[in-house]
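Labels below follow one simple rule: chain letters A, B, ... track the order of the sequence lines, proteins then strands, and each chain is numbered from 1. These figures come from a predicted structure and were not determined experimentally.
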Protein chains: 2
Amino acid sequence: MSKLTIKTLAKELGLSIATVSKALKDSHEISTETKKKVLAMAEQLNYVPNPYASSLRKQKSKTIAVILPEVADNFFSLAINGIQAVAVQKNYHVLIYLSHESFEIEKAVVNHCYSGRVDGVLISISSETTNAEHIQKLQSENIPVVFFDREFESLEAPKVITNDYESGYLSAKLLLEKGCKHPVFLSTSLSLSICSKRAAGFAAALSDTGLQTNNYQYVVDCTGTQEMIFDQVKDLLQKHKEIDGIVASVERLAMQIYMVSLSGHINIPKDLKVVAFSTLETAPILNPSLTTITQPAFEIGKSAAEVLFTMIEKKKHSIMADTTVILPSTLIERDSTAV
Amino acid sequence: MSKLTIKTLAKELGLSIATVSKALKDSHEISTETKKKVLAMAEQLNYVPNPYASSLRKQKSKTIAVILPEVADNFFSLAINGIQAVAVQKNYHVLIYLSHESFEIEKAVVNHCYSGRVDGVLISISSETTNAEHIQKLQSENIPVVFFDREFESLEAPKVITNDYESGYLSAKLLLEKGCKHPVFLSTSLSLSICSKRAAGFAAALSDTGLQTNNYQYVVDCTGTQEMIFDQVKDLLQKHKEIDGIVASVERLAMQIYMVSLSGHINIPKDLKVVAFSTLETAPILNPSLTTITQPAFEIGKSAAEVLFTMIEKKKHSIMADTTVILPSTLIERDSTAV
DNA sequence: ATGAAAGCGCTAACAC
DNA sequence: GTGTTAGCGCTTTCAT
């Protein structure tokens, strides 16, 4: 079966390729009659135009890139869902790239986005990313970039995020209300906007409440593989028996807190109250059910994609640069913070 | 900043575009000296070749498509991880398409894979898919296709799956051993190979054990949104108080069984023992911890991608058609089946 | 209303 | 070892 191009189609129909091309795009300069014939034949032979020939000619790819740290994470997979929903509607294709929290990989991946491979980029930065030159370069090549969730604060670009500071504040407030005397914020990388803002909110609540916070380390960083996180959490809780409340800044950390509690006979919520930033579906059926600050993950993805497409369509990227969409998270109290 | 093509590069270097092109691919017919100069300049200007021009010319896209029902599911996101791992290594790009369990969407998506958009397709079919003409057409256009997890049984194509029948058998066996007198298999769509095979294994275990199975419906189909599944499960358990054990054929179902048990004061494992086909990370910290049959999701994705790439590289698709890789699942006993 | 032809950026024969 | 050129499949001006 020789490949089916517009040329074969044209020959089959006894028309020129130009006419066929125009007919396929429903151009007004083609007679209704001809259009009908062309469409019918295209349908019959299941003609699908070569996307790359078209991309090359039109200098647009009908493709966007989504760069994220990880896909095996509820938040990110829900966000992908939201992104896909709008991409499909816009007739766009979605390339997925994973940075695995590595700055080097992220840079390499961003490099794939040049030269017309994609018309725009959605990115949630890695926890190692502390400068944004690679992303700026993308912008300077006129490739629109939108951050979602994990933004790079000092870079001018549209951002779709959640109310991290307020949520951090709320999480501490809740622990204090429930009687915690020594709550701790478990960060995953303070260079990450989401972590530093959540931590800042957390800190503000402590000081607002007049909690003694000198010589008391209430923000602890925790990174690495699941096993490494487990060890760090275990260590922390063993060395600091005074800790009676903990906020997990990301989902992965919550899991390990529970694992440590299981292994170390630490009772949640009696000995330790737990709040987690998380979109875990299983939060209500955990042992005990987990109090979460749930981000609107699908909506964040969807909204970020929408902003990206308006940039792609308007071709006026600068005009959107100060767009910041904030979609609030929801605190859902469950048993892990019960008194 | 005007766009950077091989032409500009060549002019900048005072060389022909052919020489530059060859130098970039490290062709042996170019002097080391020239190569060095070209590479240096390319590096300096951050030249990235236009992928679509290259694709058009070489008739290969360096891109694969992954078509799956859903991304917000542990199994699939882990599988994507595995796929990505090998794609990156092969310098390939990954397009993700979601069928949302819809046959119509799946067909539409498959249609995007023609005309050179991708060099190969990895697919896990939707629960509605009961014929594979769309996929056969792909094969007849010489686009290699590999199934992972959810295969289409009667289609000749490489498949990477888990030992569904044996696992189904094991799950029933376990429930019976734990004293269940009336275990039930909760399917999500018997047209899905994974469900029908798991159900068949389940049934075989019942009959091997000599359990009375006439006028006893031990396989129940359960589909729709989370809410619909919840209602169906609730209904089932209310109408059939005799059910004392249940196997969830997919992760989504397990969640709802737990939700029903919570809402209806059904005690797991006392009143009802539960086994789930699932890669849920949170299985050990559920209330009660969940006995799972855990599929090697990452490895399935990885292996499927590997098979696909050997097909892409060998260009001998037919030779692989009878490849079936079976990666066994692991039964992990936890409290949801405790006596 | 239809067609001829140029050219998007690249690769690969084929000269030289 | 380097350069010239045709052409991948498509879109789009410009003729007719």
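The side chain to side chain donor-acceptor pair (under 3.5 Å) search around A:Asp26 returns A:Lys35, not counting sequence neighbours.
In this structure, B:Ser115 reaches neither bases nor backbone, as no heavy-atom distance under 4.0 Å exists between it and the strands shown. A:Ser55 comes within 4.0 angstrom of nothing in the nucleic acid, heavy atoms only.
Under 3.5 Å, the side chains of A:Ser189 and A:Glu128 contain no donor-acceptor pair of N or O atoms.
Residues B:Phe309 and B:Tyr92 place their aromatic rings such that the two centres sit under 6.0 Å apart.
Classification of B:Lys137 and B:Glu141 as a salt-bridged pair fails, no side-chain N sitting under 4.0 Å from a carboxylate O.
Across the helix from C:dA1-D:dT16 to C:dC16-D:dG1, the helix axis at one end is tilted relative to the axis at the other end by 40° (nearest 10 degrees, each axis from five pairs).
Summary of the strand contacts: B:Thr34 and A:Pro49 both lie near DNA chain D, and taking for each the nucleotide with the nearest heavy atom, the more 5' one is attributed to B:Thr34.
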Detail all sub-3.5 Å separations between protein N/O atoms and N/O atoms belonging to nucleotides 4-8 of chain D.
unit_1, atom_1, unit_2, atom_2, d
D:dG7, N2, B:Arg57, NH1, 3.3
D:dC8, O3', B:Gln59, NE2, 3.0
D:dC8, O2, B:Arg57, N, 3.4

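Chain A approaches DNA chain C within less than 4.0 angstrom (heavy atoms of the protein), and the contacting nucleotides run 5' to 3' from C:dA1 to C:dG9.
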Show the atom names and distances, to 0.1 Å, of all donor-acceptor pairs under 3.5 Å that link a side chain in residues 69-83 of chain A to residues at least two apart or in another chain.
unit_1, atom_1, unit_2, atom_2, d
A:Glu70, OE2, B:Asn81, ND2, 3.0
A:Asp73, OD1, A:Phe75, N, 2.8
A:Asp73, OD1, A:Phe76, N, 3.3
A:Ser77, OG, A:Asp73, O, 3.1
A:Ser77, OG, A:Asn74, O, 3.3
A:Asn81, ND2, B:Glu70, OE2, 3.0

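Using a 4.0 Å cut-off on heavy atoms, the residues of residues 24-33 of chain A that approach DNA chain D are A:Lys25, listed by number.
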